[in-house]
Protein chains: 4
Amino acid sequence: MPGNSFGHAFRYTSWGESHGPAIGCVVDGAPPKIPLVEIDIQQWLDKRRPGQSRFTSQRREPDQVRILSGTFEGLTTGTPISLLIENVDQRAKDYSEVKDLFRPGHADFTYQAKYGIRDYRGGGRASARETACRVAAGAVARKVLGPGVLIRGAMVQMGPHKIDRERWSWQAVAENPFFCPDAGAAKAWEAELDAVRKRGSSLGAVVEIVASGVPAGLGEPVYDKLDADLARAMMSINAVKAVEIGDGFAGAAIPGEAAHDEMRMVDGKPSFLTNRAGGTLGGISTGEDVVVRFAVKPTSSLLIPQRGVNLRGEDVEVVTKGRHDPCVGMRAVPVGEAMMALVLADHMLRQRAQCGA
Amino acid sequence: MPGNSFGHAFRYTSWGESHGPAIGCVVDGAPPKIPLVEIDIQQWLDKRRPGQSRFTSQRREPDQVRILSGTFEGLTTGTPISLLIENVDQRAKDYSEVKDLFRPGHADFTYQAKYGIRDYRGGGRASARETACRVAAGAVARKVLGPGVLIRGAMVQMGPHKIDRERWSWQAVAENPFFCPDAGAAKAWEAELDAVRKRGSSLGAVVEIVASGVPAGLGEPVYDKLDADLARAMMSINAVKAVEIGDGFAGAAIPGEAAHDEMRMVDGKPSFLTNRAGGTLGGISTGEDVVVRFAVKPTSSLLIPQRGVNLRGEDVEVVTKGRHDPCVGMRAVPVGEAMMALVLADHMLRQRAQCGA
Amino acid sequence: MPGNSFGHAFRYTSWGESHGPAIGCVVDGAPPKIPLVEIDIQQWLDKRRPGQSRFTSQRREPDQVRILSGTFEGLTTGTPISLLIENVDQRAKDYSEVKDLFRPGHADFTYQAKYGIRDYRGGGRASARETACRVAAGAVARKVLGPGVLIRGAMVQMGPHKIDRERWSWQAVAENPFFCPDAGAAKAWEAELDAVRKRGSSLGAVVEIVASGVPAGLGEPVYDKLDADLARAMMSINAVKAVEIGDGFAGAAIPGEAAHDEMRMVDGKPSFLTNRAGGTLGGISTGEDVVVRFAVKPTSSLLIPQRGVNLRGEDVEVVTKGRHDPCVGMRAVPVGEAMMALVLADHMLRQRAQCGA
Amino acid sequence: MPGNSFGHAFRYTSWGESHGPAIGCVVDGAPPKIPLVEIDIQQWLDKRRPGQSRFTSQRREPDQVRILSGTFEGLTTGTPISLLIENVDQRAKDYSEVKDLFRPGHADFTYQAKYGIRDYRGGGRASARETACRVAAGAVARKVLGPGVLIRGAMVQMGPHKIDRERWSWQAVAENPFFCPDAGAAKAWEAELDAVRKRGSSLGAVVEIVASGVPAGLGEPVYDKLDADLARAMMSINAVKAVEIGDGFAGAAIPGEAAHDEMRMVDGKPSFLTNRAGGTLGGISTGEDVVVRFAVKPTSSLLIPQRGVNLRGEDVEVVTKGRHDPCVGMRAVPVGEAMMALVLADHMLRQRAQCGA
């Protein structure tokens, strides 16, 4: 009932605060005899790691993961896999300023309202640092899914600027710091984000995650529909405020005769001629690409002063000094990929439980 | 692990197919000594019931609910509450046409892919009829929340037509068949939907649910954030393909300094000057209105022929005869309200478990 | 989190009070395409039904089960199976005597302490009538397990009288009202129980459940060990106060060199020479018979006066008039079998989820 | 669904193998603002630690616990508490002998049958070393329960030798290495166990756990009865094969009129004159002491040769060299206490969720 676990058959529990000694997670339910060593996880953590370009937080965390249990001679054993990442760059700085503050857009006020206490150092448990655990667990999920399932993410909008989907290139995604599939847009975003960073502002983003090779039949109607679990998964990421599958909101504006994916027999099997549904019908995967998009609100930490209050009931001006991400959206790409992997791995095992394959 | 339950501390399990003898649900975890009789539930079912205007399915279901357990002398006892609704209007019609069909936009193909068998009569388990159980369970949730929490829903977009939010009136919602808060829009929608219905097409919709009076502190970071659970809840409703909280997707396009809710002390307590966040920060309720919007895709059953295939691997033309909803969105309004109530009641009890109040 | 569900991958939720309109359960997670009609369930309910001999309660309940959902044309569809049993013999009697009473050995006091309210008619939710739901759900579990798993139960002790295990005959179990495997003991018990019944007393019992054909590998270390789940399952049956697996308590008194099951290759496969462990090692099934025994305390309803108190804080004498079971143990036999089936079916699906078979 | 978590509202997940780098657990759901520092946990670990007398394994583990998250300035924050214990004494010995062996009484065969792979070093995940995590999590549970609940355990039988319950002294428990409440018996056991150890044999034991100060009303009927959860908790401990509450098995042999706890008003409140029920009725706590007993089978590791087989399908003689516990029962005492605390803390929070206190 507490909220730090995700999944059912494939389940993990994350723990740790931004400025504690370490963060980590325990992954339970992974099938046995899957090859798993640290580099399998490290590669994805490296992708999420801050400080890799001038557009992300300059916090210097090596994010080195250690596997503490659950594998033997390079294979999973079916027992829980404990993953640990030490916090290295928790600077011993003076927190007296932030200690009693309720900053706009942050979780300061709500944690205080809920628990009556909070670890205010670096955002504590509410820090985006927690997403490293998602990426680590997601790396295990990818291994469970196997090479047949390909999960890729991209940033398709930065602030108000959308990509041109006609120019989509997965190759491009790997070649710019934004995970942007439109090389032209990426170029423009660079200048834009530099300006945003300089004036101490921030931008939101829209991220798209696509999973290919997902077999038809995954998803548990009626409350654990594949899309329902994906919505929960993505909405649980820090700063995410919206999720859509396939056509999503746009689909509501299309007349019925154009809104659905018609079918024809192709190469002897039932096939969809389009994928407006984003890979699910009735909450169950269709075999088409599973396509999810989510919106990330602009980073809350700003150099521009904002109105806040403090624990003593005083009105205050809030300015965030020091390192921050001008657009946290790009770092959400590997996190969204991980959440996709985690949802799919869980549903793959659940499907196997009930239906045998 | 199977998918027919919702909630943790306040939990219900729904069952039943469109054309079986009955549908129902079991609500477990309701606090004891809450007044609960059938009319408390019936009033909400009546609001969802089809056949109340020419704009909804002409299926004639009285949707009469019976409480079979869990209450004694008009009060809940803390034991499971079993709710039963008989299916009355399951016409003994000929299903030979639909039996083997994979219809576009329906769950025919995916249920078959998942289970290798399906009850094809009226959509079986995938029928929107299941949502009556949500409304019934949601009625119990409202009693658990008490009169301090007010949950209201409205249809804010039909097809491509959005309401004018400046003209929002909760009064208007009760006065048109669309639950539309903009009386002018409602008028226009009537003509529009008549035309849509006549040409055998259908429209999607966007529905907004607002909960007022929600105390600060509800929601379980990090995976069971209040918004994550709301996203799952809404996305689990039939035909829903997108969910957003507060500013949602629009919020991604706003610069940081304008995107967050600033705070000031008002009447001696920390207050938000706006509610762009839609009532949650860090996944925990702020005390402001909780605001969720979701998109419903157009009804899949159309008089306009569409391309489908059948179980025998043949290409076919699909036309849905008989009753259907030209815009299922309006019937999703009471369902969305119910899901909001169910999420909030669950989190209220979960909060009480950990934090004592 | 509420307590009326059992199982994870194969899960059911029971509901209903002794004197409400009906009792029932919802079984979720059953694999699709399993043949299931009402007689599959009814046969086991008939075995548990009261009023079949002079040694059980004379309550006349036909216990006729109806399947309300989850099957189609005689096969399970993978959707929840709702089972309903109407309460027929809830005599409209005067409850003024029992209404405010805390009877020794009953749950009157604790339900009142917990909930502050209780349905006192016939024991309400605490009535052994709830066990009919276990038997019904257990019948579905047996179908999930398939014919390869044979689950049988027997009463091996009545009051202080143990059977002679040398004379164990499964045939005998079917031929006496006690499910006693020792025909000689059964004969003696008849006279004994007649005397007990006449003097208004009651007896406890020990019941043994044996499952044959259980494959090696079921059970989830470390907290959901097969034996841990069996212990919970059996201890959750009304009036059960003790559970043991294999040698159980007696095993604690045996020196190590005699306490464990030695192994030899037999017919080319690793085999156990004895089964002192009762079919589990490290919480995982060994492939040997799974053997569980549990103790049922004597029926609490007695004609012999006992000291109790009432809601108004008065000392009272308690005498139970009317029908009751002088030894409820025999009715626990089919219930124990059902719980065994439910635990095994759940673990079979869980094993399939993680390990694929 | 995987089996390494325990509890619902108060929930922990344990991980780690005997000879991996560390073991640990994540405790989720602890209420905020509870004082918690490492010594609060260490004191209980020290009680369980091996190598403290000649009667326990000579493995030298300091079992030093570290709190990695979930507290701030000495108080719990409501976020997950990660506890880590390094494995220090995993001697780099030669495992070639045990590698392929299925030893009688051990989990070698069943882990292999379940997972097709196992970490054979020191028993891997099946090692009793895992119980250190239970003790650590249990220490947090004790803090949640507060000083009003007193949990104590004792060894009441070693091999066939029972204590004289008339001589029960909690003081004595602290004064002998067996946690034996009968000082005379403890004396006799010393000589006995020395002899057992010398001849390379082992003994089983019966352990009794008593919780005082438990409020009436804890436990969730019908499947999560307090006694059902206790049964699962105790049966999940390594080597435990039997559990009973109150009179347990002995209660089955007592006639009804003597088997139940009669009630009288005492000091103005309903009181039980005896506690044969062991503190629960209908699965809910009565306010009396909660009394659980469980049987531990003799240690499986013996110097006396036993018949086993190996992975290559050969018959072998098995002799365990090196350190082992001649009676593992005494080390189960702190573990049983911990499990009692964990069950009670979980039910305390669950009760608060539903009933508000």
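In what follows, chains carry the letters A, B, and so on, assigned in the order in which the sequence lines appear, proteins first and then strands, with residues in each chain numbered from 1.
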**Q** Tell me, side chain or backbone of C/Ile23 under 4.5 Å from chain B's heavy atoms, or both, or neither?
**A** neither
**Q** If you look at every heavy atom in C/Leu45 and C/Ala132, which pair is closest and at what distance?
**A** CD2-O, 3.4 Å
**Q** With respect to chain C, which residue among B/Pro2, B/Gly16, B/Gly70, B/Gly116 yields the maximal number of heavy-atom pairs within a distance under 4.5 Å?
**A** B/Pro2
**Q** Could you tell me which non-hydrogen atom of C/Ile41 sits nearest to which non-hydrogen atom of C/Ala139, and how far apart they are?
**A** CA-CB, 3.7 Å
**Q** Give the minimum heavy-atom separation between B/Ile284 and B/Gly219, together with the two atoms involved.
**A** CG1-O, 4.0 Å
**Q** In terms of heavy-atom proximity below 4.5 Å to chain C, should B/Ile81 be classed as side chain, backbone, both, or neither?
**A** neither
**Q** Pull every donor-acceptor pair under 3.5 angstrom between chain B and chain C and give the atom names with distances.
**A**
from: B/Met1; atom 1: N; to: C/His8; atom 2: O; distance (Å): 3.0
from: B/Asn4; atom 1: N; to: C/Asp28; atom 2: OD2; distance (Å): 3.2
from: B/Asn4; atom 1: ND2; to: C/Asp28; atom 2: OD1; distance (Å): 2.9
from: B/Asn4; atom 1: ND2; to: C/Asp28; atom 2: OD2; distance (Å): 3.0
from: B/His8; atom 1: O; to: C/Met1; atom 2: N; distance (Å): 3.0
from: B/Glu17; atom 1: OE1; to: C/Gly70; atom 2: N; distance (Å): 3.1
from: B/Glu17; atom 1: OE2; to: C/Thr79; atom 2: OG1; distance (Å): 2.6
from: B/Asp28; atom 1: OD1; to: C/Asn4; atom 2: ND2; distance (Å): 2.9
from: B/Asp28; atom 1: OD2; to: C/Asn4; atom 2: N; distance (Å): 3.3
from: B/Asp28; atom 1: OD2; to: C/Asn4; atom 2: ND2; distance (Å): 3.0
from: B/Gly70; atom 1: N; to: C/Glu17; atom 2: OE1; distance (Å): 3.1
from: B/Thr79; atom 1: OG1; to: C/Glu17; atom 2: OE2; distance (Å): 2.7

**Q** What are the two closest non-hydrogen atoms of B/Cys133 and B/Gly24, and how far apart are they?
**A** SG-O, 3.2 Å
**Q** Have a look at B/Phe10 and tell me which of B/Leu349, B/Leu145, B/Leu344 forms a side chain to side chain contact (heavy atoms under 4.5 Å, CB included) with it.
**A** B/Leu349
**Q** Looking only at heavy atoms, what is the nearest atom pair of B/Ala345 and B/Val144, with distance?
**A** CB-CG1, 4.2 Å
**Q** Mind checking what makes side-chain contact (heavy atoms from CB on, under 4.5 Å) contact with B/Ala233, not counting sequence neighbours?
**A** B/Phe6, B/Met339, B/Val343
**Q** Could you pull out the closest heavy-atom pair between C/Ala137 and C/Leu83, with the gap in Å?
**A** N-CD1, 4.3 Å
**Q** May I ask you to name which of B/Gly7, B/Gly78, B/Gly29, B/Gly124 has the most heavy-atom pairs under 4.5 Å with chain C?
**A** B/Gly78
